[in-house]
Amino acid sequence: MGNRTVLVSGAGIAGTTLAYWLAWHGFRPTVVERGLWQRASGSPVDVRGQALQVARRMGALGLLRAAGTGVAGMRFVDGYGRGTGRVNLRALARSTGGHDIEVPRGTLATILQNASAPHAEFVFGESIAALAQDEHGVDVTFDHGRTRRFDLVVGADGLHSTVRRLAFGPESTFVRHLGLYAATVPFDGPADYGREVVMHNTPGRVVALQPSADGPIAFFAFRHGEIPDFNHRDIDQHRLLLTAAFGRGSWRTPELLARAQATEDLYFDAVSRVHMPTWSSGRITLVGDAASCVSLFGDAPSLAMAGAFALAEELAATPDDHRAALRRYEARHRRLSDPRQRGVEQASHLLVPATWAGIRARNAASRLWPAAVAAGWLGSRLTSSPLTPSLPMPPRATRSAGATTPT
């Protein structure tokens, strides 16, 4: 039976989830990752809906609950730290019946990586340099010069996907800048309000402190047109951009900015949306942010997990007909991802209003958010497709395909 060796580029949320379920269905996944370690920073994200079911069946749900941020509310403050609005998130959860789990992005990625490591080969400190596919497979050349052949290649390598660039074309063809840049950094100082997110806005800018099990996370976002020479890997450029945007900030901005300037664990990128007419080309396909990025906002990791599960399941349904499997995967997952993409710009205006009038209106309306968000929560579930009936729980570590311990 063909189509059994699969190279997954990227050991993030989509890539590790996919590796687990490919192995569960009898494929031989290899995960290649440019980095040597999982980043600790990154905005807290929600695991919800189908992703909760996927995590449960991976045996990871208990770990996610233990790592949850336990956020109780969201508080807006002025430059002196005085409250200007508040959302009771616990009351919202009770009113909607929601069971979402909020965890730091890096923690989620680590838990999923540890779950998949016994079932897949992991290669760290390496990335793809070239792809050459034919009717029967894909020849992959790696940056360090090795060449290997796989039945299929999956790009799970995020917004700046190498696989997408090599197989489909330049990033500029598919990635649209949404007028925001965002940064996160772990913070070792005290939080102001315990288990509440504290957010301070000025026109076109926001600084926030987010509680987390491992300590607070500082968050920055600012409105700016696309920067022509922006490099998402250039941390020195990122520090300069943050200083230019927040150097005269009030509240705790100077303290949080100093932390961003002092650490190497700084995440900084443009807020963007990826739109592609198709996610597959022959034996190469995309999953997660590489295919349908909704960066910055919390739905992206849940979509990545659901998409990875769907891709593995569809490949398993017709392992000798990858073309049909990839068509079904895309049709199935677009029903989830397309509505989320359409809501990104509206959400960005709530997070980072462009004017003082917009900030005041958002803060004044915060008391109405539970009812409004509850309606949105219900609507999102009415338009979502459920997972197929549950399979038996996979064995915890029945096979190792040359797996390495994650670093």
Side-chain angles (χ1 to χ4, degrees), residues 6 8 10-25 27 29 31 44-61 63-65 98-103 105 108-109 111-113 115-116 154-159 161 273-276 279-280 285-317 325-344 376-391 393-394:
V6 183
V8 180
I13 292 165
T16 51
T17 304
L18 178 62
Y20 183 96
W21 289 107
L22 286 173
W24 166 239
H25 287 296
F27 293 86
V31 182
V45 296
D46 295 325
V47 182
R48 57 163 62 106
Q50 295 187 15
L52 283 173
Q53 298 182 48
V54 173
R56 174 181 59 80
R57 293 169 61 187
M58 293 174 70
L61 194 56
L63 293 172
L64 292 179
R65 293 195 188 283
H99 301 285
D100 302 355
I101 303 173
E102 185 186 66
V103 294
R105 181 184 291 268
L108 173 59
I111 289 172
L112 296 174
Q113 182 178 306
S116 61
V154 181
D157 41 358
L159 172 63
S161 170
R273 179 168 56 203
V274 173
H275 179 74
M276 302 187 68
W279 298 342
S280 300
T285 193
L286 305 171
V287 69
D289 281 354
S292 55
C293 180
V294 285
S295 68
L296 180 63
F297 302 105
D299 268 351
S302 289
L303 288 172
M305 292 175 67
F309 179 91
L311 175 56
E313 191 168 62
E314 296 300 345
L315 287 172
L326 296 179
R327 285 195 299 270
R328 293 194 307 271
Y329 148 66
E330 182 168 340
R332 171 177 168 179
H333 192 56
R334 279 191 186 274
R335 292 197 294 270
L336 283 180
S337 65
D338 285 357
R340 305 308 197 273
Q341 282 202 324
R342 289 192 289 269
V344 169
W377 180 91
L378 179 61
S380 69
R381 278 144 184 79
L382 290 174
T383 59
S384 298
S385 302
L387 285 171
T388 53
S390 294
L391 299 171
M393 281 295 295

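Keep in mind it's a predicted model, so treat the numbers as computed, not measured.
Inter-residue side-chain proximity for Phe27 and Trp21 is flagged as unmet; no heavy-atom pair is nearer than 4.5 Å. Contact of the Phe309 side chain with the Leu18 side chain is not registered, since no non-hydrogen atoms from C-beta on lie closer than 4.5 Å. Residues Val47 and Glu102 fail the side-chain proximity criterion, which asks for heavy atoms closer than 4.5 Å. Looking at Val8 and Leu22, their side chains come closer than 4.5 Å, going by heavy atoms from C-beta outward. Residues Val274 and Ser292 fail the side-chain proximity criterion, which asks for heavy atoms closer than 4.5 Å.
The backbone N or O of Leu303 lies less than 3.5 Å from a partner atom in the side chain of His333, making a donor-acceptor pair. In this structure, the side chain of Arg56 does not engage the main chain of Leu61 through any donor-acceptor pair within 3.5 Å. Remark: side-chain polar atoms of Ser280 are not paired, donor with acceptor, to backbone N or O of Leu286 under 3.5 angstrom. Side chain of Thr17 to backbone of Ile13: a donor-acceptor contact under 3.5 angstrom is found. Glu330 places a side-chain N or O within 3.5 Å of a backbone atom of Trp279 that can act as its donor or acceptor partner.
We find that Glu313 and Arg332 are joined by a salt bridge, their nearest charged nitrogen and carboxylate oxygen being less than 4.0 Å apart.
Taken to the nearest 0.5 Å, the CE atom of Met58 stands 14.0 Å off from the CD atom of Gln53. For the atom pair Gln113 CD and Tyr20 OH, the distance stands at 15.0 Å (nearest 0.5 Å).
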Please lay out, stage by stage, how Leu326 and Leu311 fare under the test side-chain contact (heavy atoms from CB on, under 4.5 Å). CA-CA 7 Å; Leu326 296 179; Leu311 175 56; 3.6 Å; yes

